[in-house]
Amino acid sequence: MLKAGERVDLEMIPAFSEEESEEEKKYYITKIYDIPDEDHVDVLMPMEKTKLLLLEVDTEFHLFFYGRKGIYTCEARVSERYREEQFVVASLELTSELKKQQRREYYRYSCVIGMNTRQLTDEEAERYEMTMDSNLFALPEDKSVIVDISGGGIRFVTPVAYEKGKLIYCRFLLRDGDQQRTYSCVVKILNSQPVGNQTKNVEYRGEFRHLDGRERESIIHFIFEEERRMRRRG
């Protein structure tokens, strides 16, 4: 089900329950380096911009594997760290059974979709958390490109510097049958990383904040329709 080189997302499990823990959840995006046996998966240490992030031994994560046959998830613990040639690797011991992810909002669609973005001021962010109405803001003008989308959030690339944890106002178009539908939404930046050898562009991962249930279902419907269209084309 899993292969070296495939993408894996890591969501840190807090040491205490979410109600007791004041620590914000941490998310990392990386790739499988090796699968030494059925109980371990070795992954490349994630990067944030140009900084290597060393995962601490005994830290626990929810893992999301993006394979050809769907999304699989499990829990794991960092058992050791090692270096092999130019790679720094974390060995993860699986602590739960690997299961196929059934939640539709996690289905991601790789794409290239233009988007306008703008980081909200602290006052605007506070107002949005109270009203949950993105129509109160001036139109965003920063140029970005969505590289994958799900019912839960987006990954996008832009030369603009955005701060982790901040709210970003986003506007983009998706196909809706024979027409285009405009989406105005707010995304919280979870993490960022450099784009290959490109010095100007940064890839951001963000989750939708207070997205209307009908809009979320509309995005999921778009993803499934696009995947059907791609299958029909072979």
Side-chain angles (χ1 to χ4, degrees), residues 1-16 18 21 23-103 106-110 147-150 152-158 161-165 188-207:
M1 293 181 287
L2 308 179
K3 293 182 179 180
E6 291 181 336
R7 174 183 153 192
V8 54
D9 288 6
L10 290 74
E11 176 186 285
M12 192 172 76
I13 301 174
F16 304 96
E18 293 187 11
S21 177
E23 185 175 11
E24 183 180 356
K25 281 187 178 180
K26 295 180 179 178
Y27 298 84
Y28 305 102
I29 301 172
T30 185
K31 292 183 179 181
I32 298 174
Y33 178 72
D34 190 21
I35 306 174
D37 58 60
E38 62 182 13
D39 295 322
H40 292 83
V41 173
D42 294 354
V43 303
L44 298 175
M45 288 293 182
M47 300 281 294
E48 183 168 338
K49 296 184 178 178
T50 58
K51 182 181 178 182
L52 184 69
L53 303 176
L54 297 177
L55 305 181
E56 295 290 338
V57 172
D58 289 333
T59 307
E60 296 182 316
F61 292 93
H62 293 293
L63 306 184
F64 298 89
F65 299 98
Y66 295 84
R68 293 184 178 182
K69 296 184 178 181
I71 303 172
Y72 291 85
T73 183
C74 69
E75 296 182 1
R77 177 184 68 87
V78 180
S79 58
E80 65 172 312
R81 306 186 302 194
Y82 65 92
R83 180 183 293 272
E84 186 165 303
E85 298 179 351
Q86 72 269 35
F87 301 111
V88 183
V89 181
S91 182
L92 305 177
E93 178 187 2
L94 306 188
T95 57
S96 70
E97 183 181 355
L98 191 66
K99 296 181 179 179
K100 192 165 187 178
Q101 178 58 256
Q102 300 298 330
R103 293 178 63 184
Y106 281 101
Y107 291 150
R108 293 184 174 273
Y109 173 63
S110 296
V147 294
D148 84 28
I149 185 169
S150 74
I154 55 176
R155 278 194 306 130
F156 66 96
V157 173
T158 181
Y162 292 134
E163 297 180 45
K164 182 178 178 180
K188 181 179 180 180
I189 298 295
L190 301 178
N191 57 29
S192 63
Q193 63 182 19
V195 181
N197 296 324
Q198 301 180 32
T199 57
K200 294 183 178 180
N201 287 329
V202 179
E203 179 183 283
Y204 295 92
R205 178 171 179 249
E207 65 176 358

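Just the heavy atoms: all of them, side chains too, but no hydrogens, waters or symmetry mates, feed the values below.
- The two residues V202 and V195 have their closest heavy-atom pair at C-CG2, 3.8 Å.
- Between L63 and T73, every side-chain heavy-atom pair lies at or beyond the 4.5 Å cut-off.
- The salt bridge (charged side-chain N to carboxylate O under 4.0 Å, His left out) test applied to E203 returns R155, not counting sequence neighbours.
- Smallest separation of non-hydrogen atoms from V8 and V43: CG1-CG1, 3.9 Å.
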* To do: Take F156 and I189 through the side chain to side chain contact (heavy atoms under 4.5 Å, CB included) test and state the conclusion after the steps.
  => CA-CA 10 Å; F156 66 96; I189 298 295; 3.8 Å; yes
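- Taking OG1 of T59 as the start and CG of L54 as the end, the distance is 11.0 Å to the nearest 0.5 Å.
- For residues 30-47, no pair satisfies salt bridge (charged side-chain N to carboxylate O under 4.0 Å, His left out), with sequence neighbours left out.
- Ring pair F61/Y28 is perpendicular by interplanar angle, where above 60° counts as perpendicular and below 30° as parallel.
- Within the model, atoms CG of L98 and CD of E75 stand 12.0 Å from one another, a figure rounded to the nearest 0.5 Å.
- A distance of 9.5 Å separates CD in E6 from CZ in F65, rounded to the nearest 0.5 Å.
- Contact between T95 and A76 at its shortest, heavy atoms only, is OG1-N, 3.6 Å.
- L53 CG to M47 CE: the interatomic distance, rounded to the nearest 0.5 Å, is 7.5 Å.
- Side chain of T30 to backbone of L44: a donor-acceptor contact under 3.5 angstrom is found.
- Listed by chain and number, the residues in a salt bridge (charged side-chain N to carboxylate O under 4.0 Å, His left out) with R7 are D9, D148 (sequence neighbours excluded).
- Looking only at distances, a side-chain donor or acceptor of S79 sits under 3.5 Å from a matching main-chain atom of S91.
- Contact between A90 and M45 at its shortest, heavy atoms only, is CB-CE, 3.7 Å.
- Scanning both residues, K3 and I35, for their nearest heavy atoms gives N-CD1, 4.1 Å.
- Put simply, the side chain of Y72 never gets that close to the backbone of L2: no donor and acceptor are under 3.5 Å apart.
- Judged purely by atom type and a 3.5 angstrom limit, R81 has no side-chain atom pairing as donor or acceptor with the backbone of V57.
- A distance of 13.0 Å separates CG in L190 from OH in Y204, rounded to the nearest 0.5 Å.
- Here the CZ-OG distance, from R77 to S96, works out to 13.0 Å after rounding to the nearest 0.5 Å.
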